[in-house]
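Values in this document were obtained by computation on a predicted structure and should not be read as measured data. Every chain is numbered from 1 and lettered A, B, ... according to where its sequence line falls, protein lines coming before strand lines.
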Amino acid sequence: MKKKQILLYTAFFLIMALLPLVANSKWLAVGTTFLIFSVVALSQDIVLGKAGMFNMGQALFFGLGAYTTAILNAKFNWPLLATMPLAILVPALFGILLAGPIIHLRGDYLLVTTIGFNIVFVQVLQNNLGGITGGPNGIFGVESLSLPGLADSPQTSAFYLSLIVLLITFVLMHNLEKSKAGRALHYLREDDLAAGAIGINTRVYKIFSFGLGAGMAGMAGTIYANQYSAVSPEAFDFVQSVLFFSIVIVGGSSIPGILLGVFLMFVLPEIFRDFATWRYFIFGIAMIMTMILRPRGLWPASFGNIPKELIRGDQNGR
Amino acid sequence: MADNTLVLTNVTKRFGGLVAVDDLSFTVKQGQIYGIIGPNGAGKTTVFNCITGIHPCEEGSINWCGEEIRLLSPHKIVQRGIVRTFQTIRLFSQMSVAENIMSGRHIKSSQGWWNAIVPTPGSKKDEKKNWQRVGELLDFFDLSDVTVNAAGSLPYGTQRRVEMARAMATEPKLLILDEPAAGLNDQETLGLIETIYKIKDLGVTILLIEHDMDLVMEVTEYLTVINFGKKIAEGTPDVIQKDPAVIEAYLGSEDDDE
Amino acid sequence: MDIFLQQLVNGLTIGSMFALIALGYTMVYGVMKLINFAHGDLVAASAFVGLMIYTNVLGGSISLFSVIAVFLLTAVVIAIVGVLLERIAYRPLRSAPRLSAVVSALGASMVIQNGIMLLWGPQMRIFPDLLPQVYWEVGGVIISLIQVIIMLLSFILMTGLYFFIEKTKMGTAIRASSIDQDAARLMGINVDNIIVLIFIIGTSLGAVGGIFVGLYYRGITFNMGWQYGLYAFVAAIMGGIGNIPGAMIGGMLLGLFNAFIAGYVSSTWFYLYSPHCHPYCPTNRYSG
């Protein structure tokens with residue numbers, strides 16, 4: 001099981017790393033989008049899939065990261081990579097501040113509140129608050145990073161940068177699963193009363209999940225700003241959050257499931273261009289069908305992440 | 001105040017106009033197996049909810065090891081060494097038995113939240129040590145056959161054991177059991193009695209609510225009987241069995257057939 | 001003072017529409033504990049269905065008969081769609097994890113929204129002048145016939161619903177089901193039928209709301225459901241979701257709030273979505 005996983009992920013990264021050799025610039029852009037949105041979807045999974053909180057405003061944190069990078073880079077001339085730490089920290093802090101007062105809300109109420117936050121955020125961007133967000137047009141002229149050896153192809157650079165960020169995300173997700181805090185999130189999703197009664201400070205860990213998810217989404221924001229050399233408000237609309245939300249649930253809140261969801265949502269329509277107008281119609285039907293046939297998602301997350309030495313005798317491990 | 005003593009003084013808990021616990025006082029001494037009994041709806045579980053901070057009571061005092069814990073939140077009470085099980089088992093049902101027990105190691109783990117992002121050699125060692133402890137508990141509660149099974153898929157009796165193992169993983173000084181024998185068959189109940197004695201031998205004080213009178217009379221050393229949230233008697237099992245007020249309460253409310 | 005009264009009239013008009021739409025959310029939530037994300041899109045669909053019935057079935061004739069026919073036929077069509085929606089997308093998921101039903105509702109919303117687009121195209125359509133453009137000036141305030149009809153008809157429908165819910169046996173069954181489905185079932189209430197009934201009532205009221213939107217704002221687009229749906233949804237939340245009179249009051253308050261903000265501050269802060277690029281629309285930035 002474990003070996004199969006490592007093999008699968010190695011193969012995935014190898015194939016992705018070789019993609020620029022065969023893909024033209026259009027497919028490279030599609031590939032980059034796939035990588036970036038995978039990072040955002042995985043960040044959404046921390047809050048929704050792991051901690052079980054109905055957050056429908058993840059695009060807010062994605063956008064906050066992208067705008068942080070765009071403002072610092074285009075207006076204050078920071079080097080692109082130097083903006084990344086702040087593009088992580090600003091959304092993370094925002095996530096913590098926003099989560100504080102709403103974290104006790106249950107299910108649908110949290111969902112509505114986070115949609116509200118997302119709408120307010122886009123409104124603020126469009127109304128050019130403080131004169132730094134560029135209004136409805138957004139911000140242009142963000143630097144396109146050139147990786148060493150790829151100076152002549154900013155698109156290939158953007159692709160590899162995104163691949164590195166996705167790799168970092170994978171490592172983060174792995175570390176999270178193997179830590180006290182990561183398990184705490186699972187416990188409070190399953191039963192937060194029981195989690196509190198066993199000594200877990202549920203409030204702190206709920207806020208932690210928002211902060212961590214927001215930071216990761218912010219990191220994706222930096223590479224998004226890099227890919228398009230621009231940011232604009234509508235890319236972070238709450239409808240985008242709805243898509244990330246759906247991807248996590250349809251995927252089944254596991255890494256392969258979420259990547260599959262991002263692929264179906266953002267890459268498949270590019271392959272079948274003739275169906276472009278039918279895209280969301282078909283995707284909507286697919287969402288309903290998936291939920292009816294596989295209520296836990298296409299590739300449900302599995303538990304039993306326990307050290308081998310604990311498993312004795314001939315247990316039928318799952 | 002003596003160490004590891006739980007003292008409830010004039011505890012009152014109201015839900016709207018209903019007085020669920022009425023001016024209740026009792027003392028649980030270190031090393032005791034202490035029982036609380038009473039007819040259905042007498043307010044027993046509410047007392048536990050007050051002690052463990054799930055429904056903090058408005059009046060009275062709950063003193064543990066010389067500290068007032070009445071208004072502390074549930075996780076802080078666990079950190080002070082009081083942990084409970086639930087009448088309706090509350091396990092993390094989709095997760096494995098081992099992971100369920102590991103949740104009890106949460107407060108004993110030295111990892112910080114940042115270790116979820118960057119593990120350190122220290123945090124890895126801590127992780128390993130805690131899983132080892134889980135292994136010991138699996139043996140102690142005879143659960144090593146079901147380590148990887150999802151807790152929710154197990155038979156009722158086994159689930160009860162998992163819940164007790166999870167509670168014991170926090171290394172409590174006081175273990176609160178809410179009807180541990182409910183839903184168990186005779187053989188499982190015998191096993192439970194044995195487990196309770198084994199836990200007591202570890203030096204853990206036990207406070208339990210139970211309907212199974214045979215079990216209560218056998219294991220407990222001291223009892224408080226409540227009805228309509230009020231204490232109607234206390235004493236050793238022998239004394240309680242002869243107490244007319246207790247007999248009256250049980251016969252007078254013919255709703256208990258367990 | 002003139003602005004105040006004018007915005008009061010406008011706010012009550014918008015509020016009536018929000019309230020009608022909000023009722024669909026609140027009734028479904030009350031019994032099923034599910035946010036029916038597709039409701040807003042059914043409202044948008046009813047504007048298009050109304051347009052189609054008017055031009056294709058009634059041949060574009062304006063008379064009292066055709067106005068009534070547009071309202072009734074649209075309500076019937078949309079109610080059928082609503083019942084089918086419940087049957088196909090929601091009923092199989094009643095015992096599934098909560099999130100599955102939420103995602104199914106989001107999927108249904110995408111299907112309906114893009115279904116409208118596939119049937120009637122992505123461009124804005126103009127809703128016909130079903131009612132004559134008559135205006136009155138009362139003390140410096142301009143009131144149109146459309147506004148009067150919107151407020152009057154909404155009031156009648158909501159009062160009717162209120163009495164239906166509070167005074168009839170069916171209404172009692174609805175209230176019982178929203179308090180405790182299992183207990184209601186044990187008392188012999190067929191909860192499945194109640195849910196169908198709720199979808200019929202909720203979507204028909206939404207259909208009336210959708211035609212009002214067409215009459216009042218004229219321009220209708222396939223993706224406008226999100227906007228009106230969201231307003232109405234906020235109204236339902238303000239009134240305490242699941243609470244029927246609450247949704248009516250919430251809708252009115254939100255309408256008034258909306259009108260006064262537009263009148264006194266600026267409407268840019270109240271524009272919920274940007275029509276120039278909607279991630280749902282087929283011509284987004286990836287396919288350009």
From the list C:Ala96, C:Ala105, C:Ser104, C:Ala89, the residue making the most non-hydrogen contacts under 4.5 Å with chain A is C:Ser104
Carefully, step by step, assess A:Asp108 and C:Arg98 under the rule side chain to side chain contact (heavy atoms under 4.5 Å, CB included).
CA-CA 10 Å; A:Asp108 299 325; C:Arg98 259 177 85 63; 2.5 Å; yes
Smallest heavy-atom separation, C:Met117 atom then A:Thr277 atom, equals CE-O, 3.4 Å
Distance in Å, C:Ser100 OG paired with A:Leu293 CG, rounded so as to fall on 0.5 Å steps
11.5 Å
Quick check: do C:Leu230 and A:Phe238 have side-chain heavy atoms less than 4.5 Å from each other?
yes
Go through the structure and list residues passing side chain to side chain contact (heavy atoms under 4.5 Å, CB included) with A:Arg296, not counting sequence neighbours.
A:Pro300, B:Gln94, C:Pro97
When rounded to the nearest 0.5 Å, the distance separating CD of C:Gln113 from CZ of A:Phe281 is 12.0 Å
OG1 on A:Thr113 to CD1 on C:Ile237, rounded to 0.5 Å
7.5 Å
Counting only non-hydrogen atoms closer than 4.5 Å, does C:Val102 touch chain A with its backbone (N, CA, C, O), its side chain (CB onward), both, or neither?
side chain
Side chains of A:Phe245 and C:Val103 in contact at under 4.5 Å (non-hydrogen atoms):
yes
Distance from A:Ile288 atom CD1 to C:Ile88 atom CD1, nearest 0.5 Å?
8.0 Å
The single option from A:Ile282, A:Val239, A:Leu243 passing side-chain contact (heavy atoms from CB on, under 4.5 Å) against C:Met110
A:Leu243
Using a heavy-atom cutoff of under 4.5 Å, enumerate the residues of residues 25-39 of chain C that contact chain A, numbered in order, or state 'none'.
C:Tyr29, C:Lys33, C:Ile35, C:Phe37
When every non-hydrogen atom of C:Leu106 is compared with those of A:Ser246, the smallest separation belongs to CD1-OG, 3.7 Å
Check whether more than 12 heavy atoms from other residues, nucleotides or ligands sit under 6.0 Å from atom CZ of C:Arg87, and answer yes or no.
no
Proximity breakdown for C:Leu99 and chain A, heavy-atom pairs closer than 4.5 Å
both
Using a 4.5 Å heavy-atom cutoff, which residues in residues 247-265 of chain A come close to chain C?
A:Ile249, A:Val250
Do any pairs count as a side chain to side chain donor-acceptor pair (under 3.5 Å) and have a residue in residues 281-290 of chain A, sequence neighbours left out, and if so which ones?
none
Is the count of non-hydrogen atoms from other residues, nucleotides or ligands lying under 6.0 Å from A:Met289 atom CE greater than 12?
no
